[in-house]
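Naming convention: chains lettered A, B, ... in sequence-line order (proteins, then strands); numbering from 1 in each chain.
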Amino acid sequence: MTKEISTHYDQSKESEIYKLWESSGYFNPDNLEGEPFTIIMPPSNANGQVHVGHALGFTLQDTIIRYQRMLGKKTLWLPGTDHAGFETQVVFEKKLEKEGRSRFQMTREEFYKEIWDFVQENKKQTEDGIKRLGASADWSRNMFTLDPRIIKIVYETFEQMYNDGLIYRDNRICNWCPKHQTGLSDLETKYEERTEPFYYFKYGPFTIATSRPETKFGDKYVVMHPDDKRYQDYKNGQKIELEWINGPITATVIKDKAVDPEFGSGVMTITPAHDATDFEIAQRHKLDFEQIIDKRGKLLPIAGEFVGVKILEARPKIIEKLKAKGLLEKVDENYKHNVQLCYKCSNLIEPQVIPQWYVAMTKEIKGKALRDKIKDAIESGEVVINPESKANFLKTWLNEIRDWPISRQTWWGIPIPAWYKGDKVKISEDSPGEGWEKDPDTFDTWFSSGQWPYATLMALGEKDFETFYPTRVLETGWDIIFFWVARMIMFGQYKTGKPPFSYVYLHGLVRDKDRQKMSKSKGNVIDPLGVIDTYGNDALRMALLVGNLPGNDLPLSEQKVKGYRNFANKIWNAARFVMQNTEGYDPSAKLHSDDENILNDLNQIIITATNQMNKYALAHAAEDLYHYFWHTFADKIIEESKAKLANPETKASTQRMLREILETNLKLLHPFMPFVTETIWQMNHKDLLMVESWPSNK
RNA sequence: GGACGGUUAGCUCAGCUGGUUAGAGCGCCUCGUUUACACCGAGGAGGUCGCAGGUUCGAAUCCUGCACCGUCCACCA
């Protein structure tokens, strides 16, 4: 039968192999024995196509899972998708914008229904993409972050943390995006250096400087450093009458160390409603303040004649007026400073004072703050982070962490289960009764996905939680170490008393062949499904695995994929040769000493590969196996076997040796290149290679 | 402003706790139409391991300083 096998490996049959695996039931740990080994798949955002970053993560996870399955573990790889609140809403609003629509012309219910349908459609597409990438995940346990069972657990955690004083609501300054109409955490903003005019104004006896004159209407506190000798004659609390933009005002002198005497004139006025530092000063001195700019970025009545004008349009007019009044002293046109932007739309963040829910990161409850629980898990080694340098990254971040705002003014997300009546607050999903008003906000997506490891397993039932929690490995991109990894450790420690996983493998960013970030605008995006169609799944997997060390970015080129397509074909043809020359071989044939030596050398490869896999050195294991198969087995052993096969005295031993090496190599390569190895295996076996035992050295 | 990472062949990178002629893949050059595979085989060229010091019998590997590249965090009115 083997005579007619094609000389080229046909990767178009890969989907059949996937179906074979899936229908075998072995993706489901209920059909496996042994010690549990769990990976929770980072839930993909259900808002679009799978991209090459997914392919990288799934390849790493699938390789680990397949290895562990072959070691005889009860492996669970739990897939899932994320509603991805803000992210998805942004994607959907862009779609609406293209259609000439806006969520602000819709009711909240209409909007929610449309985005729900949009997500359901994309969710299916995402899941199909994950399957096509070959993920040996247990689809019977597939989860979605908006599953009612998940939401219930998220609510329980919220209430529990509220009762413990770890979650609180406060009316304070927060990052506000005027375009998206929501507050954002610090992680959801970015900074950009800009050169803008810096204006010096006469403010009574002082000179104040600002790049944002449009915020200055309500400024009635003038602040300087307490030790600044230049202003020692002015006392804290002193009142000064002066002429300002819209007429005479009474200003109050405040002394505060937040002022840098070296900067500008060493004197500033504060706008607590729209600046974080100013807000802090105002809080320290218990100063009152007023909102100047509304949530859409327009001036409020306090601006007098400028009411209703957008701030950037108002700016030159305000300058004009101040100049006319003789209050403009000078302008520095080359002032460079950083402006804070929304990480999604790159519009200016306009801080606003808004009530939001927060998680207290540094408040000590029973001697430990949440921040310290994360630190402890890492420092004690309960959670090992690979690469180690990223653990230091995390620790540095934790040192300066601030409370985490978890409420968003978005509509797509899990509603916050809180109700208000006057000053009273009740945590409840349903209305507590007459006169209670529902909190209109939703949770930050990371508040639910941060609970993902235990929430999924608890949602699946007590037995699953008992069996599979804590999970073993978390594999994800290092860029979400703060957003997600840290918070999962925190929630896990809080809720279950245990970190949710013991090992974190962090991959980098996939870049194009010139190390450029992939982006639609550059047109250098690699579509993993297209690559698979052309070169095969195994080729893409190997291209993503070899030379890819944790934490490092990976340049991916078509040429690299092509190289591993060639390798898949090499395996195919070596197998073809062996099968054609070993039909009816005797598996118990007496081995000649040189064949025995060859098999002994193979043991070394097994030992090395096993050690590397146990250390999660996937790149090294993959490279070594590649090298052995091609340059030792194919180039030397097979070549030398040709003469030995022709000799009746050595034939039987050689046949047995070739078969054993081939089969061992198929097993060793299977976690990395599951399709070609399983396809070959199926030609001679009834059982699946996927559940064969990982080779052990004899 | 603070911190971290990197600098090894043309390119992408390995080189564990310092020890024989520094490795791989791709690329390049030469040769080869051998019945597993041209999606192949055989062979080859190519590196003063960023720079300057130091420790050592011995350093790509440890220490100090510098340069360049990259990343993250913070943020100044």
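Among the heavy atoms of the strands lying under 4.0 Å from A:K642 is at least one base atom, whether or not backbone atoms are also near. Residue contacts shown for A:D635 are limited to sugar-phosphate atoms, with no base heavy atom under 4.0 Å away. Among the heavy atoms of the strands lying under 4.0 Å from A:D260 is at least one base atom, whether or not backbone atoms are also near. Among the protein residues, A:T269 comes within range of the sugar-phosphate backbone only, with heavy atoms under 4.0 Å from sugar or phosphate atoms but none that close to a base. As judged by a 4.0 angstrom heavy-atom cut-off over every strand, A:H337 is placed among residues touching the sugar-phosphate backbone only. Nucleic acid contact class of A:L549 (heavy atoms, under 4.0 Å, all strands): sugar-phosphate only. Across all strands, A:R515 comes closer than 4.0 Å only to sugar-phosphate atoms, never to a base (heavy-atom distances). Backbone-only engagement by A:N552 is indicated by non-hydrogen atom pairs under 4.0 Å involving sugar-phosphate atoms exclusively. Within 4.0 Å (heavy atoms only), A:V578 reaches no atom of the nucleic acid at all.
By the side-chain contact (heavy atoms from CB on, under 4.5 Å) test, A:D332 is found to be paired with A:F198, A:Y200, A:N334, A:Y335, residues two or more places apart in sequence or in another chain being considered. For A:N175, the side-chain contact (heavy atoms from CB on, under 4.5 Å) criterion is met by A:L184, A:D186, A:T189, A:Q340, A:I349, not counting sequence neighbours. The salt bridge (Lys or Arg N to Asp or Glu O under 4.0 Å) check on A:D595 picks up A:K644, with sequence neighbours excluded. Residues meeting the side-chain hydrogen bond (donor to acceptor under 3.5 Å, both in side chains) test with A:D288, sequence neighbours left out: A:K220, A:Y221. Qualifying side-chain hydrogen bond (donor to acceptor under 3.5 Å, both in side chains) partners for A:T650, counting only residues two or more places apart in sequence or in other chains: none. For the side-chain hydrogen bond (donor to acceptor under 3.5 Å, both in side chains) test, no residue two or more places apart in sequence or in another chain qualifies with A:N236. By the side-chain contact (heavy atoms from CB on, under 4.5 Å) test, A:K615 pairs with no residue at all, sequence neighbours left out.
Separation of the P atoms belonging to B:A24 and B:G47 is 15 Å when rounded to the nearest angstrom. Taking atom P on both nucleotides, B:C29 is separated from B:G46 by 16 Å, rounded to a whole Å. Rounded to the nearest Å, the gap between the P atom of B:C49 and that of B:A9 is 10 Å. Of the C1' atoms belonging to B:C51 and B:U7, the separation is 11 Å, rounded to the nearest Å. Straight-line distance between the C1' atoms of B:A60 and B:A14: roughly 12 Å, to the nearest whole Å. Using P as the reference atom, B:C13 and B:G70 are 14 Å apart when rounded to the nearest Å. Nucleotides B:C37 and B:G50 place their C1' atoms 43 Å apart, quoted to the nearest Å. Comparing the P positions of B:G10 and B:U55 gives an interatomic distance of 32 Å, to the nearest angstrom.
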Could you tabulate the donor-acceptor pairs under 3.5 Å formed by side-chain atoms of residues 481-490 of chain A, not counting sequence neighbours?
from	atom 1	to	atom 2	distance (Å)
A:W484	NE1	A:S449	O	2.8
A:R487	NH1	A:F483	O	3.1

Only distances under 3.5 Å count here; give the side-chain donor-acceptor pairs of residues 202-209 of chain A to other protein atoms, sequence neighbours excluded, each with its distance to 0.1 Å.
from	atom 1	to	atom 2	distance (Å)
A:K202	NZ	A:G204	O	3.3
A:Y203	OH	A:D219	O	2.8
A:T207	OG1	A:E329	OE1	2.9
A:T207	OG1	A:E329	OE2	3.3

- Dot-bracket for RNA chain B, 5' to 3', Watson-Crick and G-U pairs with both distances under 3.5 Å, [ ] for crossing pairs, | for partner on another strand, reads (((((((..((((.....[...)))).(((((.......))))).....(((((..]....))))))))))))....
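Between A:K562 atom NZ and B:A38 atom C1' the separation is 13 Å, expressed in whole Å. Protein atom CD1 of A:I661 is 18 Å distant from nucleotide atom P of B:A36, rounded to whole Å. Between the CG atom of A:L545 and the P atom of B:C13 there is a distance of 16 Å, rounded to whole Å. Rounded to whole angstrom, the span from the CZ atom of A:F577 across to the P atom of B:A36 amounts to 6 Å. In this structure, CD of A:Q580 is placed 10 Å from C1' of B:U35, rounded to the nearest angstrom. Taking atom NE2 of residue A:H620 and atom C1' of nucleotide B:U12, one finds them 13 Å apart after rounding to whole Å. Rounded to whole Å, atom P of B:C76 lies 16 Å from atom NE2 of A:H225. Computed from coordinates, the A:L544 CG to B:U12 P distance equals 18 Å when rounded to whole Å.
Side chains of A:P405 and A:C174 form no contact here, defined as non-hydrogen atoms less than 4.5 Å apart.
The residue among A:H8 and A:E262 whose nearest nucleotide of RNA chain B lies closer to the 5′ end is A:H8. With RNA chain B read from its 5' end, the first of the two nearest nucleotides for A:K513 and A:A209 is the one closest to A:K513.
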Distances under 3.5 Å only, N/O to N/O: pair up the protein atoms with those of nucleotides 21-28 of chain B.
from	atom 1	to	atom 2	distance (Å)
B:A24	O2'	A:E623	OE2	3.1
B:G25	OP1	A:H631	NE2	3.3

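Closest to the side chain of A:A634, from the set B:C37, B:G5, B:A36, is B:A36. Distances were taken from every side-chain heavy atom of A:N569 (C-beta onward) to each of B:A36, B:U12, B:C37; the shortest belongs to B:C37.
Between the side chain of A:Q655 and the backbone N or O of A:N581 there is at least one donor-acceptor pair closer than 3.5 Å.
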- Query: What string of B, S and - do you get for nucleotides 68-75 of chain B 5' to 3' if you count protein non-hydrogen atoms under 4.0 Å?
  - Reply: ---SSS-B
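Looking at A:E639, its side chain has no donor and acceptor atom pair within 3.5 Å of the base of B:A42.
The side-chain tip of A:K216 does not point at the ring of A:Y199 from less than 6.0 angstrom away and within 45° of straight on.
Between A:F201 and A:W244, the angle of the ring planes goes over 60°, which puts this pair in the perpendicular group of the 30/60° scheme. A parallel orientation is assigned to the rings of A:W681 and A:H685, their planes being inclined by less than 30° (bins at 30° and 60°).
Between B:C11 and A:K560, no contact under 4.0 Å exists linking OP1 or OP2 to a side-chain N or O.
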